[in-house]
Amino acid sequence: MTSIRCRAQTFEAEHPEEFLMNVLLILPILIPMLTAVLALLLQKSRSTQRAVSSIGAWTLFAAAAWLVVDVWRNGIQAAQMGNWPAPYGITLVADLFSAVMVLLAGIIAAAVGMYSLVSVDAQREEFGYHSLYHFLLMGVCGAFLTGDLFNLYVWFEVMLMASFVLMALGGERGQMEGAIKYVTLNLISSALFLSALGLLYAIAGTLNMADLAYKFSDVSASQHPGLMTTLAILFMLAFGIKAAVFPLFFWLPASYHTPPVAVSALFAGLLTKVGVYALIRVFTLIFLQDVGYTHSLILVIAGLTMVSGVLGAVAQYDFRRLLSFHIISQIGYALMGLGIFTASALGGAVFFIFHVSIAKASLFLVSGVAQRLYRTCDLKRLGGLYQTQPMLAALFLVSAMSLAGIPPFSGFFAKLGLVKAGLDTGQHVIVAVALGVSLLTLFSMLKIWGEAFWKPIPDQSGTTGGLSGVRLSNWLFPIAILSAISVVLGLGAGPAFNFALQAGEQLMDPSLYIQAVLGGAP
Amino acid sequence: MTSLILRTTTRYLTPLLLIFSVFLFLRGHNQPGGGFAGGLVAAAPFALFSIAFGAAEARRVLQVEPRWLIGVGLLAALASGVIGLLGGYPFLTGTWGYLKLPGFGVLDIGTPLFFDLGVYLAVIGVTLSIIFALEEAE
Amino acid sequence: MEVILAFVIGGLFALAIYMLLRRSLVKLLIGLALLSHAANLLIFTAAKLTRGRPPVIGMETAALEPPFADPLPQALILTAIVISFGVMAFALALAFRAYRSVGTDDLDQMQSTDV
Amino acid sequence: MMLAISVLSGFGLAFAAPILSRRFGRAAGWILALLPAGLTLYFIGLLPSAAAARPAAFSAPWAPDLGLVFSFRADGLGLLFALLISGIGALVVTYTGGYLKGNPNLGKFYAWLLVFMAAMLGVALADNMILLFVFWELTSISSYILIGFEHERASARAAALQAFLVTGGGGLALLAGLLLLGSAGGTLELSALLGQGDVLRASPFYFPAVLLILLGAFTKSAQFPFHFWLPNAMEAPTPVSAYLHSATMVKAGIYLLARLGPVLNGTDVWVYAVGGVGAATMLVGGYLALSQTDLKRLLAYSTVSALGMLTLLIGLGSPHALEAAIVLLLAHGLYKGALFLVAGALDHETGTRDITQLGGLFSAMKLTAIAGGIAALSMAGLPPLFGFLSKELTYEAALEFGPWLAGAVVLAGLSFVFVAGVVGVGPFWGKQKQTPKSPHEAPLSMWLGPAILAGLSLLLGIFPNSISRFLISPAASGAIGESTSVKLALWHGVNPAFVLSVATILIGAGLFAARHPIRSGLSRFAWRWGPSFFYDRSLDALNALARGQTRLLQSGYLRFYLFAIILTVTGLAGFTLFTRGGLPVPVAVSEVRFYEAALALLILLAAFVATVSWSRLGAVAALGVAGYGVALIYLLFGAPDLAMTQFLIESLTVILFVLAFYHLPHFAQLSSRTARVRDGLIALLAGGLMTSLVLSAVDAQLHPSISGYFVENALPLAHGRNIVNVILVDFRGIDTMGEITVLGIAAIGVYALLKLHTDRKKDKKGGGE
């Protein structure tokens, strides 16, 4: 009565490696989705939710690690969703950059997930915290893996919607005020992205990024140079808002410190990085018509972002707000690599993004412990942590020095790569800015150190009774994992940077990407 | 708001709208319609119910928790994609079968329809959770 | 017609932005709604208009004869409409909640988290 | 391999130090000192091979893509520093055991001291310049932690911060300089670079590279005008002052200058920048030392002066000057280290380091006094001590460059004599004064260090040739860049240098005798406008700038954020469009029908009403009309699915708005007229941009759409006739999966927002049903 058949119009998907590829590329999206849905369906039981959430996060990490290994061994991987050939269906693509970003998401998911279990209150959990957490990861991983520009928009929205809710979950007044700004400004970005997409489709008739790259690589793009460059600028600004670059970053300092610390850490580690990822992706693949103009502009934005972000941080006297402004400043460094636009600069940027996400998430988690102990994030009211919490102090120092670019931690190598690339290409101004900002970063990190750790406890009202010894280790363990990665990335900078450099070389050669997605010449 | 006319209309409209929604959903693959529009139409009577009789009553009529519908809908969409994956094909690869039904002729039944069913359920769940929540807000 | 719609799109964007710049939270929401109309209409118009002929293959035929409206932008807009509906619903709830906790819908009163 | 291990062993022991300290208590200092002592012996063992120009070396990759190689090389210059570091390190670690006895943080202190030692060894022995920089920064951070050891005091925290910022800032310049040097010379290995002198001097990067490197060296070695951090760093416990801020770390800059001198010196830039700054530092430090009453600050300024003298000698760059620099380096390390430790012992045993309160302690602290006295005599340059030799050589080298320079060096020499007297003689002789604690002899651990250092000053002075072949000559060869053999002798005969030497001692002794009037006289000329003042002001300025910028940008007004974003987008996109020739060419692509135009007008009108309406319901109704209008457009142009969805969504949105309006306030006039006009203009500008973009894009199709594929394959392969639906559920199904996910999340969000308030307070307003 019924018969079952599958489509197989372009290739026979019978080779095991193709099967593996199809599975590996979708897993980082499916795992969080399944986890989120299960958490949603199991909302009645808090303990089951927590278990599902942890398993989901670690599975994501494992899948991501597997993906990285696979891409490292076999080159750029692509899978055609629905088995529709590119550019008609939606392609998922993983080059080294994508894969390593997914791995980053996996690491942050696992570490912050553990931290969530001890730090997020039961009420938020009952109202879907774990579900939202994994929906956010789903959006983030989707954005990293998709090879389709409109699909990127969809993943952005998944991620944003989840972040909106996570930010507002709890309904505290500060959260509301922060969320309104966060939501409004990000919706502007979405509208801009959508409009730019519409215009791009009108011109190119396609949405597949590899196809766009292929179509724009020939001379036809030069027929409308002004329009093409303007479109590039629109995308730059739309992604720029999400990446929180100068002068579009306002939503970030207004909101990042308002939700629970685990949420801040998750956002700090991943969200703006998706914006940077998108910028790097489209400005190494698609918008290469007027590099002299667009990439110089990116360089200018990078410099201004670094400076204005770090000045914002210097002005703060609140642990988390200070860290929030630093996120902006660090985005500048990642863009610096894109603006310089050489393989080593992009490699530096990849390394930098990875490093800074880890360090930043770790610092936010540290701030959470401080907040838990003293019920405040105001540096003026914190103190004495160096004596009372030596382990926390050590972990903070690792991440803070890493962020400030002090060797031998990961941040030094990230900045070294960027500075070297800048000097090699004669971009002395941005190098000077990068180094100067690095000093100010150090300054503001030392401010936290001096105030929260070294300074004696200002008054006796701050109690340290919030956490007992056993439970504190649960708070510190995720931080220790992240700090350990900072150290390992530093001491093992040789292979790590070599990996990043290869990712940079892949980015600089769009034909590899196009080949992987479209096969031979389409 | 809770006028008699509205209450009465709601009672009579509900089955009609539900049938129409299934119709919209089923024909969606070939004619304008589909899971999304169908889902919205299916949600309409319950939304009317909640306006006419209050959210608690509407929840009682619906019998399932709307958020559960969301989860099930998403799960269905996901499952329809995984079927292709298990066969060694990429995620969401369509798998089709024929169903000979007396009177309808040959019907193509495939995972994309199952996917659309997920959309249908999720949309009902979403719409109703939002409306009920707004109704119940103090 | 594209030219006229281009001006409609520009007008919608302008009105949306004007509303976004108001101090009232509710007006901001209306601005967001207008913004999504503008963006959707932009996709629709930029991809060229085709009068009448929907991209549906008739029940008796096996193929669609040109000219017909481009189906892809329609699918994109559909997705975008639905997404912006979700966002809108959330934004409304957010406005409601914010009004409850701040006690006003004047955005200028909501700056405690910035400086 | 052993070389690398010798450098890194300190890091390893640092981790164990807190445990050992707890386990062995008072004996821990002696146990931990075994490592530096052993290293000293190991480095002595390496001297012959260095002297034979076959230095021990080690190389392994670290991050080769970044030019970072884990390479070490133990030549004469490096070994001289390494010996100072490990030798004095051993004594300081021992000393610490006595000095900080019973301090609960002693374990951490040992740890950071060992980290510092290892890092400093790395600086001295690294062959790769980036590796050198890595260790360089590690010395800065360990110095930071150690200066701030007594972190309960605000002054200690401030001093630590100051030292880190100054040296860290210089460090960043140094990094850039080293990288430039590397790219000019084509290698980052010092050993390879040293043969590239002519290439480097001819490179366009020479000038910036030298300036940046000097900035790094000068900040680290406390050269004028960056010297101010060093006296402030005396907030650190005395072992730190003796070790880091006198004997070793501050000499890292000197080491770098000496190391790079052979390839960089000989140009005007080098001579004037290095020599000039060195001379200025020497004089300023010497002068400022005179008026100090705090023992440690006095020694610190005197250290600044000595560092300046070293820099001056390296700047002069002649073989004699460089030989003098090497000898001075060693002599200074020995006597100044001893004097600091003596000062620490005095502080520890009497409770004060104010020299006006110290006197007549010889009988109470004989051993300390003898060690301090010998060190002081060496510092003053009296024969037969090693300091005398060093002074002779310095004077000789200066005399080669003329009387002015010799005069300047003599002035600094006078200050040395003065300081030597104040520290090594003043506290022990004369009338005994009342001190906070009743003085008695320091414990063995605390007098052993000064005694050994003072003893070495004496031994090396009497038998200078014992070290000239294996230590001084190889080191000097490294600084000069070619093999040299230094002959050291106590007695050179009566020559101009000797005459100056004698004069220095006599006049210096006279100054010392008149120390009280000199001090009170000078203290009236307190240097208020010094660099320290500028450091404070620039920190203030930075903070003010940061606050100002943040207040301007992050104002808290959402409207201003929107302004900035919209203006940026409009401005940047508009500018690009207009300057890059993307202006629209208005073409009527398809003809206009009357009802369509009317519909367009209706949409605009409805949207307009929605914006200006005074009633909320009116606005929402108008919004709905605009939405239905858009739906009609979709219907007219072949998009029935779209139209249906838009109709449904629009209705639902209106319902949601109305439901929400129960709980939301009425519109109020909040903006002024000017604000509205301004906003209107911005809005029009942005709208205009979008119109132009649409007009340009409509006319600019470069490639046909890919839609043909969907039309062809929808029925045969995807079994659907409604192509839009097939795209949604099949061709681009994953989009739809994302879309319903967004909806699901939104629903969770609405539910949570309306039901969960963790800071819930009962408010009576509103109420839905």
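Letters A, B, ... mirror the listed sequences (proteins, then strands); counts begin at 1.
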*Asks:* With rounding to the nearest 0.5 Å, note down the distance linking CG in N722(D) to NE2 in H29(B).
*Replies:*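 Spacing of CG (N722(D)) from NE2 (H29(B)) equals 8.5 Å.
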
*Asks:* Compare every heavy atom of W96(B) with every heavy atom of A718(D), then report the nearest pair and how far apart it is.
*Replies:*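 Closest heavy-atom pair between A718(D) and W96(B): O-CZ2, 3.0 Å.
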
*Asks:* Just checking F608(D): does its CZ atom have more than 12 heavy atoms from other residues, nucleotides or ligands closer to it than 6.0 angstrom?
*Replies:*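 Open.
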
*Asks:* Decide yes or no for L659(D) and E135(B): does some side-chain heavy atom of the first lie under 4.5 Å from some side-chain heavy atom of the second?
*Replies:*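 Sidechains of E135(B) and L659(D): in contact.
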
*Asks:* Pick whichever of G125(B), G33(B), A77(B) has the most heavy-atom pairs under 4.5 Å with chain D.
*Replies:*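 Option with the top pair count is G33(B).
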
*Asks:* Who among V729(D), I649(D), V750(D), L642(D) has the most heavy-atom pairs with chain B under 4.5 Å?
*Replies:*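 So the answer, after comparing V729(D), I649(D), V750(D), L642(D), is V729(D).
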
*Asks:* If you count heavy-atom pairs under 4.5 Å between each of L648(D), L753(D), T645(D) and chain B, which one has the most?
*Replies:*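 Among L648(D), L753(D), T645(D), the one with the most close pairs to chain B is L648(D).
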
*Asks:* Using a 4.5 angstrom heavy-atom cutoff, name the option from I748(D), I723(D), I734(D), V724(D) with the most pairs to chain B.
*Replies:*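 Option with the top pair count is I734(D).
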
*Asks:* Please classify the contact between T127(B) and chain D as side chain, backbone, both or neither, with a heavy-atom cut-off of under 4.5 Å.
*Replies:*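 It is the side chain, since no backbone atom gets that close.
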
*Asks:* Contact part of M737(D) toward chain B, heavy-atom cut-off under 4.5 Å: side chain, backbone, both or neither?
*Replies:*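 Both backbone and side chain.
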
*Asks:* What I'd like to find out is whether the side chain of I655(D) reaches to under 4.5 Å of the side chain of L134(B), using heavy atoms alone.
*Replies:*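 Not in contact.
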
*Asks:* Can you tell if the side chain of F115(B) reaches within under 4.5 Å of the side chain of T736(D), non-hydrogen atoms only?
*Replies:*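 Side-chain contact under 4.5 Å: yes.
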
*Asks:* Between L128(B) and chain D, which part of the residue has a heavy atom less than 4.5 Å away: side chain, backbone, both or neither?
*Replies:*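 Interface part for L128(B): neither.
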
*Asks:* Give, as side chain, backbone, both or neither, the part of F132(B) having an atom under 4.5 angstrom from any heavy atom of chain D.
*Replies:*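 Contact with chain D involves no heavy atom of F132(B) at all.
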
*Asks:* Would a distance-only check, ignoring hydrogens and angles, find a side-chain to backbone donor-acceptor pair under 3.5 Å from N30(B) to R721(D)?
*Replies:*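 The answer is yes, because a donor-acceptor pair under 3.5 Å joins these two groups.
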
*Asks:* So among I130(B), L74(B), I70(B), V123(B), which one has a side-chain contact (heavy atoms from CB on, under 4.5 Å) with L743(D)?
*Replies:*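 Only one option passes, and that is V123(B).
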
*Asks:* Nearest 0.5 Å, what's the CG-CG distance between D116(B) and L728(D)?
*Replies:*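 It comes to 8.0 Å.
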
*Asks:* Heavy-atom pairs under 4.5 Å with chain D are the metric here; pick the option from A37(B), A44(B), G34(B), A122(B) that has the most.
*Replies:*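 Of the candidates given, the most pairs with chain D belong to A37(B).
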
